[in-house]
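Working notes, structure below.
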Amino acid sequence: MDWRLTFPTLRLLMLMLMSALAKNQAQAQNIFNIEDFGAIGDGKTDSSKALSDAWNGGCHSEGTSVVLIPSGTYLLGPLRLIGPCNGTIKFLIRGSLKAFDSPQLGIDHWITFRYIDGLTITGGGLLDGQGSSSWQHNDCKKKRNCKALPVTMRFDFVSNAWIHHVTSLNSKNFHFNLFSCKNFTFEHVNITAPDESPNTDGIHMALSTNIFIRDSAIATGDDCISLGPGSENIHMTGIACGPGHGISIGSLGGSPNERPVTKVFLGNSTFTGTMNAMRIKTRAPSYQGVVSDITFQDVIVKNADNPIIIDQQYCPSKKCSPQSSQVKISNVKFINIRGTSSSLVAVNINCSPAVPCTGIKLRDINLECDGSGGRASSACANAKGATYGRQNPPSCLEK
Ligand SMILES: *[C@@H]1O[C@H](CO)[C@@H](O)[C@H](O)[C@H]1NC(C)=O
Ligand SMILES: *[C@@H]1O[C@H](CO)[C@@H](O)[C@H](O)[C@H]1NC(C)=O
Ligand SMILES: *[C@@H]1O[C@H](CO)[C@@H](O)[C@H](O)[C@H]1NC(C)=O
Ligand SMILES: *[C@@H]1O[C@H](CO)[C@@H](O)[C@H](O)[C@H]1NC(C)=O
């Protein structure tokens, strides 16, 4: 062995090791492990204060801080994690966060993130909303002034966020709710609740722009994704939806001065056993509103009741008046939509007599009737547009 060669090599290795250790230490200062703040992952001890303290530590730090939920099951009550923070936060869920079993009626959230710029939630962990014993307390179908159940995660005024590789199970109400968010991406998110669970929408948004939802599986008792007023530039691809009520724009027109829903794209997605697949719904009567520039492309529908549906006669309180909707729908494209419908009307475009739909485009539609043996058909009212390529069922759009 030649010592003259190995000694400098060894010294170099030592230097590299020391610098790696120093770097590690610097990083370690930015990890806020909830166990260091008193959390106990036994599934029984309330760890809300520990998580809140770990959050505050991360939020006060500059650079990127990691709020770490290690493996284990941590019981959490309703919690607000509020910014603005001095840096960005990575909320790393290795284990499970478990909500209380009780319904907690009238509290609108389980975990709320508010006023945050730069947030990542990841780690392969689980958000267990423990909804099953609470769903029976949801009486919002019967009562106007019902007390709502908590939403698993609310994001209010959050920008530049990336939620990926997390599972949300059995939310009490919606799984994720976005209000006034910007540049927000969901990727490889798994959302699961039974098909009979009430109001367990996967992702609901309003007043939010540049929202991306990719490669995610959503199975719920209500809409897989629902877009409320002011949803703009929404891009959804690789969504496997079902069971559930499908992907829904609306309902709209229920309040005055609603912002438009515009620039929405859904591509490369499948719907399996859903009530609706692609839906736009507005109330009747309604306030004024706008839905424009919506594209559904390369979508496979397996056994949905209403694969394509525009419904401008939506009246959930069952007192539907003959007055028409004032929400104007224009430039909606359905391109390369294939599969099966479990009802005879596979394409239902029921627009408002007051403001008819314009610029509806149907290109390469092939929807068969599943099971019943009948032929799939289309239904149209006040719907103007054009067709291209194959049309099964035959289109009924007016030119
Ligand atoms: C941000 O850092 C400044 C200076 O270190 C500090 O005074 C302030 O409290 C921090 N803000 C938050 C939200 O922690
Ligand atoms: C959007 O947010 C991501 C973080 O999730 C960030 O990396 C990216 O730079 C942001 N894009 C814009 C245009 O701000
Ligand atoms: C989603 O999570 C549920 C519950 O953990 C699991 O049963 C299901 O297999 C997962 N689905 C996907 C597509 O990963
Ligand atoms: C479509 O989505 C599937 C499922 O997420 C994905 O595997 C595939 O790569 C996507 N294809 C395109 C062309 O985006």
Side-chain angles (χ1 to χ4, degrees), residues 43 58-59 63-67 69 71-74 81 83-99 113-132 135 152-153 155-172 174-176 178 180-197 200-203 205 208-222 224-225 232-244 247 263 268-274 300 302:
C59 189
T64 299
S65 298
V66 177
V67 174
I69 291 97
S71 59
T73 300
Y74 299 89
L81 305 174
C85 298
N86 274 349
T88 59
I89 308 269
K90 185 168 178 181
F91 199 83
L92 192 60
I93 311 173
R94 293 276 185 231
S96 302
L97 296 177
K98 194 169 93 171
F113 293 90
R114 187 174 290 167
Y115 308 128
I116 296 156
D117 181 8
L119 173 70
T120 301
I121 301 179
T122 187
L126 177 72
L127 301 166
D128 184 356
Q130 297 246 80
S132 61
W135 295 323
T152 285
M153 273 193 178
F155 300 93
D156 301 334
F157 308 95
V158 173
S159 54
N160 302 317
W162 185 26
I163 317 299
H164 67 107
H165 297 96
V166 290
T167 295
S168 177
L169 181 67
N170 295 342
S171 56
K172 291 182 168 76
F174 298 172
H175 290 260
F176 297 101
L178 276 59
S180 209
C181 292
K182 284 193 191 106
N183 182 30
F184 202 116
T185 301
F186 287 90
E187 228 164 359
H188 299 288
V189 170
N190 173 355
I191 297 175
T192 306
D195 60 356
E196 69 276 13
S197 58
T200 52
D201 295 43
I203 300 171
M205 65 188 77
S208 292
T209 54
N210 297 344
I211 311 299
F212 306 86
I213 307 174
R214 302 190 187 110
D215 302 326
S216 292
I218 309 180
T220 76
D222 208 303
C224 289
I225 302 171
E232 186 176 340
N233 212 9
I234 313 301
H235 201 266
M236 302 170 275
T237 56
I239 311 294
C241 166
I247 293 183
K263 297 188 194 128
N268 185 31
S269 293
T270 59
F271 293 87
T272 308
T274 52
I300 294 173
K302 295 175 196 157

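Residues take their numbers from the sequence shown, with the count starting at 1. Every number for a ligand or one of its atoms is a count from 1 in the order of the listing.
- For ligand 3 and A217, the ligand atoms under 4.0 Å from any heavy atom of the residue are 13 (C).
- The ring of H164 has its center no closer than 6.0 angstrom to the ring center of H188.
- Closest to atom 13 (C) of ligand 2, if we only count protein heavy atoms, is N183 ND2, 4.4 Å.
- Proximity of atom 2 (O) of ligand 2 to the protein is indicated by at least one non-hydrogen atom lying closer than 4.0 angstrom.
- Contact annotation for atom 11 (N) of ligand 3: protein present (non-hydrogen atoms, distance under 4.0 Å).
- For ligand 3 and T167, the ligand atoms under 4.0 Å from any heavy atom of the residue are 2 (O).
- Proximity of atom 7 (O) of ligand 2 to the protein is not indicated, since no non-hydrogen protein atom lies closer than 4.0 angstrom.
- Of the inter-residue distances, the one linking M236 atom CE with I225 atom CD1 reads 5.5 Å to the nearest 0.5 angstrom.
- Close contacts of ligand 2 with A161, meaning ligand atoms under 4.0 Å from a residue heavy atom, involve 5 (O).
- Looking at I234 and M205, their side chains come closer than 4.5 Å, going by heavy atoms from C-beta outward.
- Under a 4.0 Å criterion applied to the non-hydrogen atoms of W162, ligand 2 contributes the atoms 5 (O).
- In this structure, F113 and F155 have parallel ring planes: the angle between them is below the 30° cut-off, well short of the 60° mark.
- For the pair I213 and I239, the minimum side-chain heavy-atom distance is below 4.5 Å.
- For the residue pair D117 and S159, a side-chain donor N or O sits within less than 3.5 Å of a side-chain acceptor on the partner.
- The residue among I218, T192, L126, N190 with a heavy atom at the shortest distance from atom 14 (O) of ligand 3 is N190.
- For atom 4 (C) of ligand 2, the closest heavy atom belonging to the protein is N160 O, 3.9 Å.
- In summary, the aromatic rings of F212 and F184 are positioned with their centroids too far apart to meet the 6.0 Å limit.
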